[in-house]
Amino acid sequence: MMAPTAFLTTFPSPPRGVWDIGPIPVRAYALLVIAGIVVAIWWGDKRLRARGGAAGTVADVAVWAVPFGVAGGRIYHVITDYHLYFGAGKDPVRALYIWEGGLGIWGAIALGAVGAWLGCRRKGLPLPVFADAVAPGIAVAHAIARIGNYFNQELYGPHTTLPWGLEIFQRVNAAGQPDQLNGTSNGIPLPESPVHPTFLYELLWLLGVAALVVFLDRKLRLGHGRAFALYAAAYTLGRTWIELMRTDPATLVFGVRVNVWVSILVFLGAFAYFVLARGKGPREVLDAPDTADEEHEVKH
C-alpha cells in the first residue's frame, strides 16, 4: 500500500535577495518597498477622490511624506536595534545603509506624519482626511514590504515542525564567506531551520487589517482620523503577539522586546482616539476645486 502524499510541507527561502546588474545591486527588499509605496499612493488617491478630494493630491503629499517616513523608519530601527551598529566590532556607518533593510514602522509613521502635515498644508487639506484615505493602503504597502523580509531571510521565529515552516539556508559570497544578506544560498540549512515565518503571519494580518478598515469605513463612514486610528489599533493588536514570536536580537525593556511595548502603547492610544473621536461628527466631505470648476463650466 502506498504511503499518503503530504500536500503541506515546509517551503524554502529564496536562494538570494540581491542581483547584480553590472555595477548596480538590485535588492528585492528595496523593490518591494517601492511597490508598496506605489500601491498606497494609488489606492489613497482613489479613496481621497471618493471623499471629494482633487485627483493627484495624495501623490503631491507623498512627495513630502515618503522621504520623511523613510528617514523616520530608519531612525527608529537604528535606535531600537542599536546593538547592530554600535559597540565592539560594529561599523556605525552601516546605520546609514538603508538599502540593506531595517525600517521601523512607527518611526516611519511618526516622521511621515510630519511630512504629510507639511504636504497637506500646502494643498489646504486636513491631515486627518488624508490619514483616513491612505490608512488601508499603508497596511497593504507594509504587507508588500514584508515579502522583502522573505528575500532577506529575516524576521522569523523559532524552530517549528508545522507544515508551513520556513526553510532558511546559509548564504555565502563569491569568496565562500558567510553573507546572509548579500550572498547566495549554498543549500545548507541553518541549525534552527525550519522556523516560524513570522513575516508571513504579519503580512496576512496586515491584509486582514486593510480589509477591516475598508469594511468598517464603508459601514460607519469613518472620518476625522478614525479610519487611521482603526488601522493603528488593529495592526498593533497583531504585531504584539507576532513580535513575541520573533527570535532575532532586539532591545529589551524589562525583559520584553521594545516593539511589544510600543505596540501596546500605540494600541491604547489609537483605540482611545477611535472611540472618543465619534463626537467630532460625520465624515468630512471635501469640495475639490478642479471638480467644482468643471461642473461650473458644464452648467454655463
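Quick note: residue numbers are just sequence positions, from 1.
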Scanning both residues in full, the closest heavy-atom pair of Gly44 with Val134 reads CA-CG1, 4.1 Å
Would Tyr156 and Ile168 count as a side-chain contact (heavy atoms from CB on, under 4.5 Å) here? Give the steps. CA-CA 10 Å; Tyr156 51 81; Ile168 49 176; 3.4 Å; yes
In terms of hydrophobic clustering (I, L, V, M, F, W, Y; side-chain heavy atoms under 4.5 Å; direct or indirect links), are Tyr231 and Leu204 co-clustered? no
Is there a side-chain contact between Asn149 and Ile147 (heavy atoms, below 4.5 Å)? no
What distance do Ile41 atom CD1 and Asp60 atom CG have between them, rounded to the nearest 0.5 Å? 10.0 Å
Can you tell me how far the CZ atom of Arg16 sits from the CD atom of Gln153, to the nearest 0.5 Å? 12.5 Å
Tell me whether Ile242 is reachable from Leu268 by hopping between hydrophobic residues (I, L, V, M, F, W, Y) whose side-chain heavy atoms are closer than 4.5 Å. yes
Under 3.5 Å, is there a donor-acceptor pair between the side chain of Gln180 and the main chain of Arg171? yes
State yes or no: do Leu230 and Leu127 share one hydrophobic cluster built from I, L, V, M, F, W and Y residues joined by side-chain heavy-atom distances below 4.5 Å, directly or via other members? yes
How far does CD of Glu243 sit from CG of Asn259, to the nearest 0.5 angstrom? 4.5 Å
Between Thr10 (side chain only) and Gly165 (backbone N and O only), is there a donor and an acceptor less than 3.5 Å apart? no
Backbone of Gly137 reached by a side-chain donor or acceptor of Trp42 within 3.5 Å: no
So do the side chains of Thr57 and Phe130 get within less than 4.5 Å of each other, counting heavy atoms only? no
Determine the minimum heavy-atom distance between Arg47 and Pro136, stating which atoms define it. NE-CG, 3.5 Å
When you look at Arg257 and Thr251, which way does the side-chain contact (heavy atoms from CB on, under 4.5 Å) test go after all the steps? CA-CA 6 Å; Arg257 298 169 69 95; Thr251 301; over 6 Å; no
Gap between atom CD of Glu202 and atom CD1 of Ile105 - 0.5 Å precision: 8.5 Å
Taking the six-membered ring for Trp, are Tyr235 and Trp106 closer than 6.0 Å centroid to centroid? yes
If we only count heavy atoms from C-beta on, is the Trp64 to Arg121 side-chain gap below 4.5 Å? no
Identify the heavy atoms of Tyr85 and Ala95 that sit nearest to each other, and give their distance. CD2-N, 3.5 Å
Beyond-backbone contact of Pro128 with Phe228, side-chain heavy atoms, under 4.5 angstrom: no
Hey, are the side chains of Asp217 and Arg283 touching, using non-hydrogen atoms and a 4.5 Å cut-off? yes
Please say yes or no: joined through hydrophobic side-chain contacts below 4.5 Å, possibly via intermediate residues, are Val66 and Tyr29 part of one cluster? yes
Step through the shown structure and confirm whether more than 12 heavy atoms of other residues, nucleotides or ligands are within 6.0 Å of CG on Leu162. yes
With clusters defined by side-chain heavy atoms of hydrophobic residues (ILVMFWY) lying less than 4.5 Å apart, directly or transitively, does Leu212 cluster with Leu222? yes
Quick check against the 3.5 Å criterion: does His224 have a side-chain atom that pairs as donor or acceptor with the backbone of Pro282? yes
Under 3.5 Å donor-acceptor, Asp81 side chain and Ala250 backbone: no
Show the numbers, then the answer: is there a side-chain contact (heavy atoms from CB on, under 4.5 Å) between Trp117 and Phe68? CA-CA 11 Å; Trp117 175 74; Phe68 274 74; over 6 Å; no
Quick one: pull up CZ in Arg239 and CG in Leu244 and give me the separation to the nearest 0.5 Å. 10.5 Å
Between Tyr150 and Phe199, how do the two ring planes meet: parallel, tilted or perpendicular, split at 30° and 60°? parallel
Checking the side chain of Arg27 only, and the main-chain atoms of Val18 only, is there a donor and an acceptor separated by less than 3.5 Å? no
Could you pull out the closest heavy-atom pair between Phe151 and Ala28, with the gap in Å? CG-CB, 3.5 Å
Does a sphere of radius 6.0 Å around CZ in Phe271 hold more than 12 heavy atoms from other residues, nucleotides or ligands, not counting ones at 6.0 Å or beyond? no
With distance as the sole test, does His196 use its side chain to make a donor-acceptor pair with the main-chain N or O of His159 at under 3.5 Å? no
Step by step, would you call Arg51 with Asp132 a salt bridge (Lys or Arg N to Asp or Glu O under 4.0 Å)? CA-CA 10 Å; Arg51 286 163 163 75; Asp132 283 340; 5.4 Å; no
Closest approach of Ala139 to Ala210 (non-hydrogen atoms, all atoms of both residues): CB-CB, 4.0 Å
Write down the atom of Leu286, the atom of Leu48, and the distance for their closest heavy-atom approach. CD1-CD1, 4.0 Å
4.5 Å side-chain heavy-atom contact, Phe11 and Pro197: yes
His77 vs Leu103, side-chain contact (heavy atoms from CB on, under 4.5 Å): CA-CA, chis, key distance, verdict: CA-CA 6 Å; His77 165 73; Leu103 295 174; 5.8 Å; no
Report yes if the side chains of Thr236 and Ile264 come closer than 4.5 Å at any heavy-atom pair, otherwise no. no
Is any side-chain heavy atom of Leu237 less than 4.5 Å from a side-chain heavy atom of Val209? no
How long is the straight-line distance from CG of Leu166 back to OG1 of Thr198, given to the nearest 0.5 Å? 9.0 Å
